[in-house]
Q: 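Below you'll find the structure I mean.
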Amino acid sequence: MATSERTQLNMSEETFDYICTGCDKKNKTLKAVKYCVECKEYFCVSCTDMHNNFSYLMSHSLLDVEQAKQSGNQAESSPEFPTERCCIHKGKVLDMYCAIHNDVGCYVCMAKNHKTCPESQICSIPDMVDTLFNLSDSQQTQSRLQQMIVTLTSLSESKDNQLEILKEAEDKCIEQIEKFHNVLQQIIRRAAEASKKEVKDEYQRLEADILQDKSIINGTNDVLQKTDYKLKKASGNRAQRFVCSKEAENHIKKAEDEKMKQETDNNTDVDISFCPNNKLMDYIQGLHGLGDVLVANKKRNLYMLKGSRDINIKVSDDTSSCSSWGCCLTYDNQLLLTDYNNKKIKRVETHTFSVVDYITSDSRPQGICCINQHEVVVGCHASNKIQFVSIENKMTPTRKIDTSHDCYGIAMKDDNLYVTDYNTSLYAYDMNGTLLRTIASDNDGNILFSRIRHIVFNESGDKMFVGDESNKLVCFDGKGNYKSTIKDSDLNVACGVCTDGRGNIFVGGRKFNNVVQFNEDGTKTGVIVKQEDGLKDPRSISFDRGQNRMFVTMNDSDILKMYELE
C-alpha cells in the first residue's frame, strides 16, 4: 500500500537531483538544500530548521547542496569535507591548512596563529583537497604511525617491567631491613642478657663474701655464748671460774680482732648499680635509619675508558713475583686481594694506592669475598678450606671451614657461601660449613663446567654468574638453578667476574687480555679494556661503584691495574 502511495506521489511531484533524506523515509519527496557532513544526510528547508534547533547538532557542518555538488560528490556519498573538530575552538572544523608550518586548524586558529604567514600558503582543505592529498604520503604516514604505536607500546611494556623490577627491589629492601632489624634485636638482647649475667655474677660474688663473714661472726658469737654459760655455771667453783675467765678473755680478744677486721673491710654498705652506655644511646638516637638507601640507575651503554693507573702491590718480604688471583672491595672501600705466589692476603688503601696491611697464609689463597663490615672469607688452594679473616684494625685469621675439594672462587648470598672448586663443580654451604648443594650439571644432566672460576651475584641477588675458562659465562637464578650459558667471540678463557650494581656484568678474558661488558640478560655491550690498555692475564675484577673505577688483578705481576671509567 505504501509503495503504491509513494509511486503516485512521485508521479505528480517534481524530480530533484537531491532529495531530503528524512522526508524520503516518510515517503515524501522534497528538495534538499543542505548536506550535514556529520550526519551524512541531506535536509530540506524544514528539516534544516529542525536540525538547527538542537544544541548538540548546531556545531555540525551544513553545506549547500551546490557546494557538495561542486566537490564532485554524488547523493550516495559524503562530500570530501573534514569532520575533525578543533580541540581549542570547540565546534569549529579543522578545514584550513598552512603550507609554511605544515599545520591544519580551524579558521580561528589560522587567524590567530598564522596571521604572519602569506595568504597564498593558507588554503581551504575542501577546496584544495585534490592538490593537497597524496594517497602514497598518507599510507606512508599511517605506516610510520603504526610503527610508532608499536615502539611506544614496547616502551610502555618496558616501563611495566621496570616497575616490576623496582617493586621486587623494594620488597627485597624491606625484607633486608626487617632481617637486619631482627639481627640488631638479637644483638641487643644478647647484650642485655650479658649485662644481666654480669649483675647476677657480681651479686653472687658479694653475697658469698657477706655470707662467709656472717658465718664467721655467728661462729664467734656461739663461742662467746658458750663461754658465758660456763662462767655462770662455775660460780661456786673459783678454780673453774678462773679457767673460764681466762678462756673468755682469749675468746673476747679474738672477737675484738674479728670485729675490727669486719669494720675495716666492710665499713660501708655494699651496692650494685648499672650505668647505661650513653654513647650507645646517643649513637642510636642520632641514627636516621638502619642503613643507607641507595638508588642505582641502570646503565645500558658501554663504559668508556678515561684513564688508568698502575698500583704496586709488592711488599718487602715477598719472595716471588706477585700473582693476585682474587680481589674484593670492603664496605669502607678498601681493596683486599690474594697473592697466590707469596701466600699473602693484602689490603690496599684506594686513596693512597698503597699496601697498608697484609697477613701470611699457611696455604695459597685464591678467591676472596667480603661478607660483612668486619670479616672476609678466602678460598684456599690445596688445603681444601674456607678461611675466615677479621679485617678490623690488623687482619687476623679466625675460624675455618674444611671441605673435601679445592676452593677457588667464593661469593655469599643470604648467609650461604658459594664456592667453586677450580674444576667442574659449584658448592653451596651455610655459614657453619654444612654442605647444602652441589651444582655440576644443567636441567638435562649435561656437564656445565670444565674449568670453573669466579662467581658474582647481581645487585638484587636474583641472578648468579659464574666464569668458566672454557670460554663461557654460566647464568643461574638466585637459588642456583641453571638458566643459560653465554658464549661470545670476545669471551676467551673467562676468569674474573664482577658487577657494577647497575645491571652490568664484567668478565675478564685471559687469552685476549680484555674485560668484556654484558647486560644481565646476557647481551654483550662491548669490550671496555683491551690488551693495549696494559692488561695481561687478568685473574679477578672489582668495581668501585662510587667512583666508577675498575680494579683488575693479574697473574705473575707486581702491578694491580686501576681503570677510570665513565
Side-chain angles (χ1 to χ4, degrees), residues 183 186-187 190 313 315 317-320 322-332 334-348 355-440 449 452-457 464 466-467 480 495-497 539-540 542 553:
V183 170
Q186 292 174 8
I187 292 172
R190 286 198 299 267
I313 58 174
V315 296
D317 62 347
D318 283 344
T319 57
S320 303
C322 299
S323 190
S324 181
W325 287 16
C327 67
C328 71
L329 283 163
T330 64
Y331 284 75
D332 57 355
Q334 292 183 321
L335 184 71
L336 298 179
L337 54 87
T338 60
D339 186 343
Y340 182 89
N341 285 352
N342 294 293
K343 296 184 178 182
K344 286 186 174 70
I345 302 168
K346 300 177 179 179
R347 173 156 42 190
V348 176
V355 178
V356 294
D357 185 20
Y358 66 89
I359 59 173
T360 301
S361 173
D362 59 0
S363 57
R364 297 190 183 275
Q366 300 182 122
I368 186 169
C369 169
C370 191
I371 59 176
N372 56 49
Q373 293 179 336
H374 314 293
E375 201 170 24
V376 297
V377 286
V378 181
C380 298
H381 175 62
S383 61
N384 296 350
K385 70 178 180 179
I386 301 168
Q387 179 67 60
F388 289 73
V389 178
S390 170
I391 56 174
E392 291 186 299
N393 300 320
K394 297 289 290 183
M395 288 190 291
T396 307
T398 55
R399 67 189 181 95
K400 66 178 180 178
I401 294 174
D402 292 319
T403 70
S404 60
H405 55 82
D406 195 0
C407 299
Y408 187 86
I410 190 165
M412 187 189 77
K413 177 182 177 288
D414 296 336
D415 290 333
N416 290 331
L417 295 175
Y418 292 80
V419 186
T420 66
D421 66 354
Y422 204 65
N423 194 9
T424 60
S425 297
L426 170 66
Y427 303 86
Y429 292 90
D430 66 16
M431 297 302 284
N432 295 318
T434 302
L435 179 61
L436 305 175
R437 185 179 181 189
T438 301
I439 304 169
F449 310 109
I452 191 171
R453 293 299 179 257
H454 287 290
I455 318 164
V456 70
F457 285 90
M464 176 173 63
V466 183
C495 188
V497 293
R539 286 300 180 109
S540 66
S542 284
T553 68

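These figures come from a predicted structure and were not determined experimentally. All residue numbers in this chain count up from 1 along the given sequence.
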Q: Is the closest basic N to carboxylate O distance between Lys394 and Asp357 below 4.0 Å?
A: yes
Q: Mind checking the OG1-CG spacing from Thr434 to Leu417? Nearest 0.5 Å is all I need.
A: 11.0 Å
Q: Which atoms form the tightest heavy-atom contact between Ser404 and Asn384, and what is the distance?
A: C-ND2, 4.1 Å
Q: Any donor-acceptor pair under 3.5 Å linking the side chain of Asn341 with the backbone of Ser320?
A: no
Q: Given side-chain contact (heavy atoms from CB on, under 4.5 Å), test Val389 with Ile345 step by step and report yes or no.
A: CA-CA 9 Å; Val389 178; Ile345 302 168; 4.0 Å; yes
Q: Validate the cation-pi geometry between Arg437 and Tyr427: distance from NZ or CZ to the six-membered ring centre under 6.0 Å, angle to the ring axis within 45°.
A: no
Q: Counting only N and O atoms by type, is there a donor-acceptor contact under 3.5 Å from the side chain of Thr553 to the main-chain atoms of Ser540?
A: yes
Q: Taking all atoms of both residues into account, what is the closest heavy-atom pair of Asn432 and Ile401, and its distance?
A: C-CD1, 4.2 Å
Q: Return the orientation label for the Tyr340 and His381 ring planes: parallel under 30°, perpendicular over 60°, tilted otherwise.
A: tilted
Q: Between His454 and Tyr408, does the ring centroid distance fall short of 6.0 Å?
A: yes
Q: Going from NE2 on His405 to OG1 on Thr403, what distance comes out if it is rounded to the nearest 0.5 angstrom?
A: 4.0 Å
Q: Taking only Lys NZ, Arg NE, NH1 and NH2, and the carboxylate oxygens of Asp or Glu, determine whether Asp317 and Lys344 approach each other closer than 4.0 Å.
A: yes
Q: If I compare all heavy atoms of Lys385 with all of Asp402, which pair ends up nearest, and what's the gap?
A: CB-OD1, 4.0 Å
Q: How far does CD1 of Ile439 sit from OG of Ser425, to the nearest 0.5 angstrom?
A: 9.5 Å
Q: Please confirm whether Tyr429 and Tyr418 have ring centers closer than 6.0 angstrom.
A: no
Q: Taking it one step at a time, do Val419 and Leu426 satisfy side-chain contact (heavy atoms from CB on, under 4.5 Å)?
A: CA-CA 6 Å; Val419 186; Leu426 170 66; 5.9 Å; no
Q: Show the nearest heavy-atom pair for residues Ile371 and Met431, with the distance to one decimal.
A: CD1-CE, 3.8 Å
Q: Can you name the closest pair of heavy atoms from Ile313 and Ser324 and give their distance?
A: CD1-CB, 4.3 Å
